Structure formats: structure tokens, C-alpha cells
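Accompanying notes for the structure given below.
Lettering follows sequence order; numbering is per chain, from 1. Keep in mind that what you see is a predicted model, and the values were worked out from it rather than measured. All heavy atoms count here, side chains included; hydrogens, waters and symmetry mates do not.
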There are 2 protein chains.
Amino acid sequence: MARNVRQSKILELISLNEIETQEDLVSKLRASKFDVTQATISRDIKELGLIKILSNESGRYKYSLAEATSHTSNKYIYLLKESVISIKTVKIVIVLAK
Amino acid sequence: MARNVRQSKILELISLNEIETQEDLVSKLRASKFDVTQATISRDIKELGLIKILSNESGRYKYSLAEATSHTSNKYIYLLKESVISIKTVKIVIVLAK
DNA sequence: GATGAATAGAAATTCAAC
DNA sequence: GTTGAATTTCTATTCATC
């Protein structure tokens with residue numbers, strides 16, 4: 001399912017990068033061969049429950065994983081299980097467990 | 001300091017209500033006699049490090065206190081100390097400690 | 001430094017198409 | 001059910017003003 005692969009890629013991207021806007025995310029996804037628009041990313045972000053927070057480093061807004069709840073963790077874990085995950089994505093699980 | 005009083009009122013309002021937009025917050029602040037515009041609220045939100053998250057009840061976005069960090073907690077506690085705080089606002093501290 | 005009016009910029013939704 | 005183009009809605013910033 002392409003949508004799940006894309007969403008797990010989004011989790012990876014926001015974990016490893018400072019993503020300031022949805023357009024940033026679109027660019028990075030396109031660089032990874034995901035042909036997608038801002039409208040879809042907006043929906044993905046809502047489904048993943050991602051939040052925009054202030055980055056300590058830059059003082060600017062960036063996307064972040066939501067504060068862990070059973071709902072969001074289950075969603076993340078499901079996506080990671082469903083997709084072919086690189087070692088980078090495994091690191092996300094570690095981040096979640098912090 | 002009017003700004004701090006307003007910001008602690010904001011903490012109270014988002015803790016006790018589902019605030020979906022900055023305009024919502026402006027309305028509620030005006031109802032509480034804070035004469036303020038969206039531009040100022042945008043700045044307050046950034047300074048307080050507030051985030052927009054999905055509400056479990058409504059499935060819609062609402063403003064929320066940030067995940068606790070020493071920085072944000074200190075900021076909240078400072079504001080609560082500085083201002084004349086109602087019993088309602090004391091409840092916010094309890095929420096933060098959860 | 002704090003703020004508002006206006007504007008630019010970003011994000012959510014609509015509406016159609018698939 | 002998923003998506004994109006266009007649009008609406010919402011938010012951040014600019015540029016004055018105090």
C-alpha cells in the first residue's frame with residue numbers, strides 16, 4: 001500500500017530532519033521518488049497526528065512526532081511493521097521509546 | 001505586566017476549552033476583557049511554545065500545552081507565579097504534573 | 001519591548017476525478 | 001477510499017506606531 005509506505009517515510013523524514021513546512025516535506029518526498037502534493041501531506045499529517053513544535057536549535061517551527069499515546073504509538077508501529085523499513089526507520093522506534 | 005496576565009489567561013483558556021484557531025482564542029480573550037488581535041496571539045503562542053494537536057474527542061485540531069520540557073515548564077510556572085491566579089489556573093499546574 | 005493592520009505564507013478543505 | 005488543483009482558512013511576519 002503506497003500510502004502506508006509514504007507515511008512511514010514521513011515519520012522517518014521528520015525524525016531525521018528539521019521539516020519546517022509541508023512544502024519542505026513535499027520536496028523531500030519527491031527527492032525520494034514519492035510523487036505527492038501538499039494536500040495529501042496535510043491529510044497524512046492529520047492521520048499521523050503529527051504536531052508542529054518550536055525547535056530548540058533553530059527557534060523555528062518544525063514537525064514532530066506527537067506525544068506518545070496508545071493510539072499514536074500503535075499507528076506508528078503498525079506503519080513500521082507494514083512497510084519495508086530501513087535501519088534508519090528502526091531508529092525511530094528507539095526515539096519513540098525514550 | 002499585561003502581557004504576562006494575558007499569557008497566563010491563554011494557558012487557562014486552552015486547558016479548559018477546545019480552542020481550534022487563534023481567532024477562537026481572540027474571541028474568548030475579548031470575552032474576558034483582553035483587547036487583543038490575532039497577530040499578538042500568534043506571538044504569544046510561539047513564546048509559550050503551544051502546539052496544535054488532534055483532539056481525541058472532536059477529531060479536530062486544538063491548541064494544547066507543549067510536551068513538558070524544563071524550558072516550557074519554567075515558563076508556565078513563571079507566568080503563573082507572576083500573575084494573580086484563580087483556582088482554575090492552579091488546576092493547570094496539576095495538569096502539567098500528570 | 002509590545003501591539004495592530006495589513007500582508008505574505010502555510011495548511012486544511014472542497015470539489016472533482018480516479 | 002485516495003489524490004491533486006484550486007480555494008479557503010488560518011497563522012506568521014512585516015512594517016508602522018506607541
Which nucleotide in [options] has an atom nearest any side-chain atom of [X]:
X: Ala39(B); options: dA5(D), dA12(C), dT13(D); value: dT13(D)
X: Arg6(B); options: dT3(C), dA6(C), dT3(D); value: dT3(C)
X: Arg3(A); options: dA12(D), dT3(D), dA10(C); value: dT3(D)

>> Rounding to an integer number of Å, can you tell me how far Ile45(B) CD1 sits from dT13(D) P?
In response: 12 Å

Donor/acceptor link under 3.5 angstrom from [X] side chain onto base of [N]:
X: Arg43(B); N: dG4(C); answer: yes
X: Gln38(A); N: dA12(C); answer: yes
X: Arg60(B); N: dT13(C); answer: no

With a 4.0 Å cutoff (strictly under), does any side-chain N or O of [X] reach OP1 or OP2 of [N]?
X: Thr40(A); N: dG4(D); value: yes
X: Ser42(A); N: dA11(C); value: no
X: Gln22(A); N: dG9(C); value: no
X: Lys52(A); N: dA10(C); value: no
X: Tyr61(B); N: dC10(D); value: no
X: Tyr63(A); N: dA10(C); value: no

> Does Glu23(A) offer a backbone N or O that forms a donor-acceptor pair with the side chain of Ser27(A) under 3.5 Å?
Replying inline: yes

>> Has Lys52(B) got a side-chain atom pairing as donor or acceptor with Glu20(B)'s backbone, closer than 3.5 angstrom?
In response: yes

>> Show, in sequence, the C-alpha distance, side-chain angles and deciding distance for Leu13(A) and Tyr63(A), and conclude whether the side-chain contact (heavy atoms from CB on, under 4.5 Å) test is met.
In response: CA-CA 10 Å; Leu13(A) 286 170; Tyr63(A) 279 100; over 6 Å; no

> Closer to the 5' end of DNA chain C via nearest nucleotide, is it Ala2(B) or Ile41(A)?
Replying inline: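 Its nearest nucleotide lies further toward 5', so the answer is Ala2(B).
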
>> Using side-chain contact (heavy atoms from CB on, under 4.5 Å), reason through Ile53(B) and Tyr61(B) one step at a time and then give a plain yes or no.
In response: CA-CA 5 Å; Ile53(B) 61 170; Tyr61(B) 286 104; 6.0 Å; no

>> Could you go through Val26(A) and Arg30(A), starting from their C-alpha distance and side-chain angles, then the distance that decides it, and tell me whether this counts as side-chain contact (heavy atoms from CB on, under 4.5 Å)?
In response: CA-CA 6 Å; Val26(A) 169; Arg30(A) 285 188 173 154; 3.7 Å; yes

>> What contact category does Thr21(B) fall into here, base, sugar-phosphate, or nothing, at under 4.0 angstrom with non-hydrogen atoms?
In response: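 Touches sugar-phosphate only.
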
> Checking all strands, does Asp35(A) fall into the base, sugar-phosphate, or nothing category for heavy-atom contacts under 4.0 angstrom?
Replying inline: sugar-phosphate

>> Let me test you: for the helix from dG1(C)-dC18(D) to dC18(C)-dG1(D), what is the angle between the axes at its two ends (five pairs each), rounded to 10 degrees?
In response: 30°

> Hey, which of Asp24(B), Thr21(B), Ile10(B) is the one that makes side chain to side chain contact (heavy atoms under 4.5 Å, CB included) with Ile41(B)?
Replying inline: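 It is Ile10(B); the other options fail the test.
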
> Is any side-chain heavy atom of Asp44(A) less than 4.5 Å from a side-chain heavy atom of Leu25(A)?
Replying inline: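 Heavy-atom side-chain distance check fails, nothing below 4.5 Å.
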
